[in-house]
Amino acid sequence: MKFGHFDDKNREYVITQPDTPLPWINYLGCQAYFGLISNTGGGYSFYRDARLRRITRYRYNNVPLDFGGRYVYLRDDQSAQFWSPSWQPTRHDAENYTCRHGMGYSIIGSTYQGIESHTKYFVPLDETLEVWQVTVTNHRATKATISAFASIEFCLWDAQDDTTNFQRNFSTGQVEVEDGVIYHKTEYRERRDHFAYFACSRPTAGFDTQRESFLGKYRGWDKPATVEAGQLTNSVAHGWSPIGAHQVKLELAPGETQQITFVLGYHENPQDQKFDPAGSQTVNKTLVKPVIAKYLDTVTVDSAFERLRQYWDGVLGLFQVDTPDPHTNRMVNIWNAYQCMATFNMSRSASFFESGIGRGLGFRDSNQDLLGFVHMVPSRARERILDLAATQLPSGGAYHQYQPLTKRGNNDVGGNFNDDPHWLIIGVSAYLKETGDWSILEEKVPYDNQPGSETPLFEHLQRSFQYTLDRLGPHGLPLIGRADWNDCLNLNCFSDTPGQSFQTTTNKDGNTAESVFIAGLFVLAGNELARIAKHHGKAALAEQYLAEVAKMDAVVRKHGWDGEWFLRAYDDFGAKVGSKECEEGKIYIEPQGFCVLAGIGLEDGMAAKALDSTRKHLATKHGIVLQQPPYSKYYLNLGEISSYPPGYKENAGIFCHNNPWVIIAETRLGHGDEAHDYYLRINPSAREDIGDLHRCEPYVYAQMIAGKDAPSHGEAKNSWLTGTAAWNYYAIAQWILGIRTSFDGLRIAPVIPKSWPGFTATRTFRGVVYTIAIERKGPGNTIALTVDGKPIQGDIVPPPTDGRTNVVVKGVLS
Ligand code: BGC
Ligand code: NOJ
């Protein structure tokens with residue numbers, strides 16, 4: 001069953017039924033000011049950091065679901081009936097409900113008793129504000145007298161504190177109302193230089209800033225007393241819960257349309273110009289007033305929206321494909337790329353499933369996110385790499401996470417996730433291949449953000465690699481530390497105390513448990529580092545790295561192979577994890593995908609065997625599960641993985657992030673059919689028709705789909721913020737379609753299904769537009785390329801040397 005449809009031409013998903021199985025969200029903003037918005041107007045906004053600069057309040061896991069957001073109410077002042085055009089919060093049965101989630105904007109509305117209304121929500125580029133453009137049309141035969149209300153609830157900035165520290169927070173709230181604009185200035189009197197504002201383009205008939213005055217005692221957002229009565233009360237909040245609500249009166253002739261613009265924004269004043277007049281407690285508004293005035297003007301709003309559209313034309317236009325498969329086209333051209341922007345911006349911080357207070361930017365996550373993002377805005381990728389590297393520790397290890405506002409590593413989580421450092425190599429390598437900007441390796445970057453500790457970025461990569469060499473276990477495999485990619489395989493944890501964090505509790509010395517996954521990652525990263533070193537003029541180092549890689553490769557074959565597949569790990573007792581000898585958890589996906597994609601066992605049949613075993617034991621029609629059989633009970637020696645009921649999350653869920661590893665692995669063996677078949681199993685667009693089972697948005701990947709051992713096999717959870725976005729984008733773009741960046745240029749090496757007659761693509765790479773047409777003449781993956789009509793040797797298109805910015809590439813597969 002479907003709850004809407006794709007409008008590919010407009011790059012929108014159009015939801016036509018408001019009660020989707022879960023709130024289906026979109027993101028507003030792509031630079032510094034961000035919002036989440038659900039298909040019924042729910043969600044919240046923040047500036048840079050979802051925890052520390054939360055602008056509006058949102059109650060997670062609320063009942064009813066998804067209550068609280070950017071709500072518009074309309075009231076027919078003749079009949080006294082009121083409703084919300086976005087369905088929530090009043091949930092009237094309106095006609096023609098639609099929510100169009102587009103690239104950085106959402107348009108939500110419906111028609112009720114002849115009054116049509118839609119609100120377009122977006123964040124203009126380069127601004128720290130959001131615009132709500134409300135359009136109201138009277139389809140009645142008679143004049144309509146309408147009150148329009150717009151409302152938000154302010155958060156008192158630190159979202160964690162906001163939901164817990166009521167003894168203080170109920171007394172700190174402060175606002176100002178001036179010229180019809182509501183300013184939220186809680187804590188501005190002390191150490192904050194920032195405030196929020198909520199403005200309206202029309203003269204208002206009233207406002208409210210105290211929640212209880214607006215809602216009425218014991219009422220909810222579904223039935224505010226003031227909206228019901230048709231008059232706001234001009235309340236000025238002092239303590240309790242500051243909100244922003246405006247009322248505008250409209251008279252609409254039959255057929256008439258009118259627009260109102262609301263602007264919700266964030267502003268920071270220079271510290272020495274906080275108050276006006278100086279010495280008073282009144283917010284200095286001189287700097288913000290022109291910004292507000294600008295966006296209350298319809299012409300500015302329309303052109304800002306147009307600019308946003310053009311921005312996305314540009315970003316998405318960098319890579320466009322036309323293949324025989326509509327799901328591939330739609331995801332590559334629109335939604336998967338768009339999701340990569342969201343994961344780059346949010347890491348794993350704020351979604352419907354991530355509360356914005358729990359996790360900052362993850363070291364491994366953000367590095368992997370670059371794989372899908374780096375071609376879009378390389379300058380931002382560069383900045384991110386340098387920020388990440390600055391949270392690396394002198395040992396080569398890294399803080400597992402950092403807070404985007406402070407850019408400092410989080411001490412609560414610390415480090416010792418032994419895979420972390422290698423992802424920096426992967427991230428930097430992706431950046432270098434995309435941009436050819438070798439200067440980044442010379443950038444001086446500190447360790448742990450300590451001034452004076454700076455070394456060139458290249459040395460950070462060296463330390464990343466060395467980190468593992470300094471931490472080898474009894475079999476010569478990398479020690480796992482707190483966890484590797486699989487945060488839930490906690491082999492040194494041994495926690496029997498409820499509530500302890502599996503990731504930060506360590507009860508063992510850590511000198512025994514080893515990870516075959518990290519070994520695969522080490523091989524991949526080591527090969528990349530060797531290539532980087534060579535290009536960087538350090539051939540001797542490159543040789544050393546290759547020698548270490550070869551050693552590790554041999555260790556994996558010797559101690560990391562179980563006969564039919566790669567082992568997963570050795571636990572603290574030195575016992576195998578992910579082996580036929582185990583009672584449960586005999587085979588894991590990660591080492592199969594990752595060792596093969598790293599190139600281990602390609603020649604001697606191990607790789608092929610590992611992938612056969614994956615297909616046999618782990619593949620389902622909804623994707624490939626993480627391991628089998630699932631853990632039926634809690635294992636002290638394994639940790640969080642066995643805390644989940646079978647079929648969920650890391651305990652045999654379909655953890656979509658690692659499916660593309662197997663997809664890439666299949667392409668490395670030349671298996672285009674298998675690769676694309678796996679690709680489609682978890683492709684959200686291809687799952688649109690089973691929306692009532694899948695339940696999450698059909699336009700973005702979810703982290704997990706319930707595995708075959710769960711009662712709800714096929715049900716997705718944790719959509720949006722997952723490494724699945726970048727990895728699937730990378731798998732389809734660079735390995736199946738085979739348009740792959742390399743240090744030497746753009747490689748064209750497709751491994752596509754046999755049934756495809758070919759495909760076309762355009763790819764902007766280092767400032768040159770490559771127009772690519774691939775034609776299949778035989779069933780294999782051997783490619784013959786012509787560039788601007790001339791045949792070339794090999795599969796790397798030489799970059800034009802004569803300043804041309806358009807290159808035509810034709811490839812024939814046989
Ligand atoms: C989840 C993991 C996640 C980890 C982060 C665990 O509960 O299952 O997927 O990586 O938390 O802390
Ligand atoms: C989600 C985390 O964000 C990621 O870092 C981790 O690799 C996966 N879960 C697997 O545990």
Side-chain angles (χ1 to χ4, degrees), residues 339 342-344 346-351 353-371 388 398-402 410 412-424 426-427 480-491 493 495 498-506 515 517-518 520-521 568-569 585 588-591 593-594 624-627 630-631 634 638-661 701-707 710 716-728:
Q339 188 179 1
T343 56
F344 174 83
M346 301 288 132
S347 194
R348 308 296 171 263
S349 66
S351 71
F353 301 84
E354 299 277 11
S355 63
I357 57 180
R359 299 205 262 167
L361 270 76
F363 192 89
R364 78 157 81 86
D365 294 326
S366 290
N367 272 304
Q368 290 172 79
D369 292 344
L370 292 172
L371 290 173
L388 285 164
Y399 274 108
H400 194 51
Q401 292 163 4
Y402 76 86
N410 291 350
D412 304 348
V413 194
N416 294 336
F417 295 77
N418 285 354
D419 63 317
D420 270 340
H422 293 290
W423 296 113
L424 182 66
I426 304 296
I480 196 166
R482 284 175 166 171
D484 60 22
W485 172 87
N486 189 330
D487 269 328
C488 298
L489 194 60
N490 316 116
L491 303 182
C493 178
S495 171
Q500 268 181 346
S501 157
F502 287 106
Q503 273 89 44
T504 57
T505 304
T506 304
S515 162
F517 171 80
I518 301 181
L521 177 58
R568 180 61 177 86
Y588 277 65
I589 190 174
E590 302 101 306
F594 222 87
I624 312 167
V625 298
L626 194 142
Q627 101 280 25
Y631 296 114
Y634 178 57
L638 300 179
E640 185 170 2
I641 190 165
S642 59
S643 74
Y644 289 111
Y648 293 129
K649 295 279 286 184
E650 283 86 343
N651 189 13
I654 296 157
F655 214 92
C656 298
H657 185 145
N658 49 38
N659 279 226
W661 299 346
Y701 286 97
Q703 181 197 60
M704 189 213 41
I705 298 172
K717 279 187 196 141
N718 200 359
S719 55
W720 279 99
L721 301 185
T722 158
T724 312
W727 274 103
N728 271 289

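Note: hydrogens, waters and symmetry copies are ignored here, and every other heavy atom, side chains too, is used. We count residues from 1, following the sequence as given. Each ligand, and each atom within it, is numbered from 1 in the order the structure gives. Note that the structure is predicted; figures quoted are calculated from it, not measured.
Those atoms of ligand 2 that come under 4.0 Å of a heavy atom in N486, given as number and element, are 11 (O). Near F655, meaning under 4.0 Å from one of its heavy atoms, ligand 2 places the atoms 8 (C), 9 (N), 10 (C).
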Next item on the list: Would you check, one step at a time, whether the test side-chain contact (heavy atoms from CB on, under 4.5 Å) holds for Q401 with N410?
Entry: CA-CA 6 Å; Q401 292 163 4; N410 291 350; 3.6 Å; yes

Next item on the list: Verify side-chain hydrogen bond (donor to acceptor under 3.5 Å, both in side chains) between E640 and N651, making sure each step is shown before the conclusion.
Entry: CA-CA 9 Å; E640 185 170 2; N651 189 13; over 6 Å; no

Notebook entry, point to check: So R482 and D420, salt bridge (Lys or Arg N to Asp or Glu O under 4.0 Å) or not? Walk me through it.
Noted result: CA-CA 11 Å; R482 284 175 166 171; D420 270 340; over 6 Å; no

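Considering both main-chain and side-chain atoms, H657 never comes within under 3.5 Å of ligand 2 through any nitrogen or oxygen pair.
Of all protein heavy atoms, the one lying nearest to atom 11 (O) of ligand 2 is E650 OE2, 2.5 Å. Scanning all protein heavy atoms for the shortest distance to atom 6 (C) of ligand 2 gives W485 O, 3.2 Å. For atom 5 (O) of ligand 2, the closest heavy atom belonging to the protein is D365 OD1, 2.7 Å.
Here SG of C488 is found 12.0 Å from OH of Y631. Values are rounded to the nearest 0.5 Å. Going from atom CG of L638 over to atom OG of S643 covers 11.0 Å, rounded to the nearest 0.5 Å.
Annotation for T724 and A702: closest pair OG1-O, 3.8 Å, computed over non-hydrogen atoms.
Using a cut-off of 4.0 Å between Lys/Arg side-chain N and Asp/Glu carboxylate O, D487 and K649 are scored as not salt-bridged. Taking 4.0 Å as the cut-off between side-chain N and carboxylate O, R348 and D369 count as a salt-bridged pair.
Heavy-atom distances between Q703 and ligand 2 reach below 4.0 Å in at least one pair.
Counting heavy atoms closer than 4.0 Å to ligand 2, residue D487 contributes atoms from both its backbone and its side chain.
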Between ligand 1 and the protein, find all N/O pairs closer than 3.5 Å and give the distance for each.
{"unit_1": "ligand 1", "atom_1": "7 (O)", "unit_2": "E640", "atom_2": "OE2", "d": "2.5"}
{"unit_1": "ligand 1", "atom_1": "7 (O)", "unit_2": "Y644", "atom_2": "OH", "d": "3.0"}
{"unit_1": "ligand 1", "atom_1": "8 (O)", "unit_2": "Y644", "atom_2": "OH", "d": "2.6"}
{"unit_1": "ligand 1", "atom_1": "8 (O)", "unit_2": "K649", "atom_2": "NZ", "d": "3.4"}
{"unit_1": "ligand 1", "atom_1": "8 (O)", "unit_2": "E650", "atom_2": "OE1", "d": "2.9"}
{"unit_1": "ligand 1", "atom_1": "8 (O)", "unit_2": "E650", "atom_2": "OE2", "d": "3.4"}
{"unit_1": "ligand 1", "atom_1": "9 (O)", "unit_2": "K649", "atom_2": "NZ", "d": "3.2"}
{"unit_1": "ligand 1", "atom_1": "9 (O)", "unit_2": "E650", "atom_2": "OE2", "d": "2.6"}
{"unit_1": "ligand 1", "atom_1": "10 (O)", "unit_2": "D487", "atom_2": "OD2", "d": "2.5"}
{"unit_1": "ligand 1", "atom_1": "12 (O)", "unit_2": "Q503", "atom_2": "OE1", "d": "3.2"}

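With W485 as the fixed residue, the ring pair (Phe, Tyr, Trp, His ring centres under 6.0 Å) test singles out one of Y588, F655, W423: F655.
Side-chain atoms of Q368 and H657 include a donor-acceptor pair closer than 3.5 Å.
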